[in-house]
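Everything numeric here is computed off the predicted structure, so don't read it as measured data.
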Amino acid sequence: MNRRYGIAAAVLAALLVVVTAAKIQHVPWTTPAARAIEQRGPLSEAEKATIDIFERVSPSVVQVAAKSAANPLMGEEAQGGASGTGFVWDREGHLVTNNHVVANGEEIAVRFASGEVAQVDLVGTAPNYDLAVLRIRSVRELPLPVALGSSSDLKVGQSAFAIGNPFGLDQSMTSGIISALKRRLPTHGGREIANVIQTDAAINPGNSGGPLLDSAGRLIGVTTAIISPSGSNAGIGFAVPVDVVNRIVPELIRNGRVPTPGIGIVAASEDVSTRLGVEGVIVVRTAPGSPAERAGIRGVNFSTGAVGDIITAADGKPVRRLSDLTDALELSGAGKTVRLTVKRGSDTRDVNVSIIDIDRS
């Protein structure tokens, strides 16, 4: 009897659970109407300023796609094409981007924020600065050129904003700060860009050639590279300073190229100078007939292994590494003269050396 009573009780309990569950399904725990929207307060001043920067500048930022002969599809970097970013430089239809974005492209097109696509011509490139200038073929009404700022008075810690097309995602904005100044960045041209801006604003493949802006929405640099083992943003991005851009771009528009100022020397690497405990540029050899040779500058004596001349200053400013010297030559320009302080053994002297365009010499 007890066993039957237990089975009956269990069956009754199970029926109660089923009935209760059925009733629960019909209990109106929630209403079918959409929830009311909570009104937010006014945007902060910082938010308003950031929005204003994007709305003013983004129409002037374009996506750049270069197509090589071996690649029928645009934007496939791995197959010979490249894509990046550019921006409107002036009202004559000139656009600025990175040299490495268009260097191997036989056909180049740009897409504006409106979605309109335009074919462009390559006006000139400056591999030593990773800069290139394009020009739109057809005359059209362009967005306003990006306002220019200055890179000479930048401070570490101030805000920085990047607009570009990372991974092909157009019209993307990132923000951060200027993380460091006066970085040196090797280029495909075999030289170094001096005074490069470092930022933690997210910069990824596709951002190359886009504008780096200050909090007033002015151009302070052209984004050019990242340091990352994976190829994605790791908080270390670089931009060519606008003071360099504003010097190089007009030259490209006028002549299609930029002179490479030099004096005709081959210098030892910085590693060699460090190992020898030398502060300055060690001259390995001078080119025959070069301004350096005519000025009496002497290279290494390969018979004895003795170090020759060491350049320690240019126009009174210290030269500690090769980039200091090339920067001084670029500021003076081809066709001018630079006063070099040269150390040979225990003797130091000043010599005037002509600066030439070594690409044409």
Side-chain angles (χ1 to χ4, degrees), residues 50-68 71-77 81-125 130-149 160-175 201-214 216-224 239-240 242 245-246 248-250 252-253:
T50 302
I51 292 170
D52 178 65
I53 291 172
F54 181 79
E55 290 180 347
R56 281 190 290 117
V57 179
S58 61
S60 303
V61 178
V62 300
Q63 185 174 14
V64 181
K67 180 178 67 176
S68 69
N71 175 25
L73 298 176
M74 304 179 78
E76 298 291 335
E77 294 190 37
S83 64
T85 303
F87 58 91
V88 178
W89 177 260
D90 58 26
R91 294 180 181 275
E92 283 68 51
H94 292 108
L95 310 171
V96 172
T97 186
N98 279 156
N99 173 68
H100 76 259
V101 171
V102 298
N104 298 318
E106 294 192 357
E107 295 182 24
I108 307 170
V110 299
R111 183 186 297 275
F112 287 87
S114 63
E116 182 179 355
V117 175
Q119 296 295 315
V120 297
D121 293 317
L122 183 61
V123 173
T125 62
D130 198 16
L131 293 173
V133 174
L134 312 172
R135 191 176 191 280
I136 297 174
R137 290 178 185 172
S138 58
V139 179
R140 48 157 285 154
E141 185 176 352
L142 291 172
L144 292 174
V146 178
L148 292 187
F161 304 87
I163 301 178
N165 308 287
F167 304 110
L169 302 172
D170 63 333
Q171 296 293 297
S172 295
M173 183 181 196
T174 58
S175 64
I203 295 173
N204 286 293
N207 275 112
S208 294
L212 186 69
L213 310 164
D214 64 11
R218 305 178 307 164
L219 182 73
I220 57 173
V222 176
T223 57
T224 186
V240 181
V242 69
V245 177
N246 203 21
I248 299 303
V249 168
L252 290 178
I253 293 173

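Between F161 and S175, the closest heavy-atom pair is CD2-CB, 3.5 Å. The nearest pair of heavy atoms linking G86 to V64 is N-CG2, 3.7 Å. Nearest heavy-atom pair across V102 and A132 is CG2-CB, 3.7 Å. The two atoms that bring P166 and N204 nearest to each other are CB-CB, 4.0 Å, heavy atoms only. Scanning both residues, G105 and A66, for their nearest heavy atoms gives CA-CB, 4.0 Å. Here the shortest heavy-atom pairing between V61 and G164 reads CG1-CA, 4.5 Å.
Side-chain atoms of R135 never come within 3.5 Å of backbone atoms of I253 as a donor-acceptor pair (strictly under, hydrogens ignored). Looking only at distances, no side-chain donor or acceptor of S172 sits under 3.5 Å from a matching main-chain atom of N165. At distances below 3.5 Å, not a single donor-acceptor pair connects side-chain atoms of D170 with backbone N or O atoms of A113. Proximity of a side-chain donor or acceptor of T174 to a complementary backbone N or O of A202 within less than 3.5 Å is detected.
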Using the side chain to side chain contact (heavy atoms under 4.5 Å, CB included) rule, take N99 and L131 through it: C-alpha gap first, then chi angles, then the decisive distance, then the call. CA-CA 5 Å; N99 173 68; L131 293 173; 5.8 Å; no
**Request:** Please step through side chain to side chain contact (heavy atoms under 4.5 Å, CB included) for the pair L122 and L134, ending with a clear verdict.
**Result:** CA-CA 5 Å; L122 183 61; L134 312 172; 3.6 Å; yes
Under the side chain to side chain contact (heavy atoms under 4.5 Å, CB included) criterion, do I163 and F87 qualify, and how do the steps go?
CA-CA 10 Å; I163 301 178; F87 58 91; over 6 Å; no
Open item on the list: Go through it in stages, so that I can follow the logic: the residues are R91 and L144, the test is side chain to side chain contact (heavy atoms under 4.5 Å, CB included), and I'd like the CA-CA distance, side-chain angles, deciding distance and then a yes or no.
Closed with: CA-CA 7 Å; R91 294 180 181 275; L144 292 174; 3.1 Å; yes
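Side-chain contact between I136 and L95 is present, with heavy atoms from C-beta onward closer than 4.5 Å. Side-chain contact between L148 and V245 is absent, with no heavy-atom pair separated by less than 4.5 Å. Between M173 and I53, the closest side-chain pair of non-hydrogen atoms falls below 4.5 Å. Side-chain contact between F167 and P205 is present, with heavy atoms from C-beta onward closer than 4.5 Å. Looking at heavy atoms from C-beta onward, W89 lies out of side-chain contact with T97 at the 4.5 angstrom threshold.
Contacts of D52 classified as salt bridge (charged side-chain N to carboxylate O under 4.0 Å, His left out), with partners at least two apart in sequence or in another chain: R56. Evaluation of the salt bridge (charged side-chain N to carboxylate O under 4.0 Å, His left out) rule for R218 yields D214 as partners, not counting sequence neighbours.
How far NE2 of H100 is from OG1 of T224: 5.5 Å, rounded to the nearest 0.5 Å. Atoms CD and OG1, from Q171 and T85 in turn, are 9.0 Å apart once rounded to the nearest 0.5 Å.
Counting only residues at least two apart or in different chains, salt bridge (charged side-chain N to carboxylate O under 4.0 Å, His left out) contacts with residues 111-124 comprise E116-R140, D121-R137.
The closest side-chain donor-acceptor pair between N207 and T223, if any, does not fall under 3.5 angstrom.
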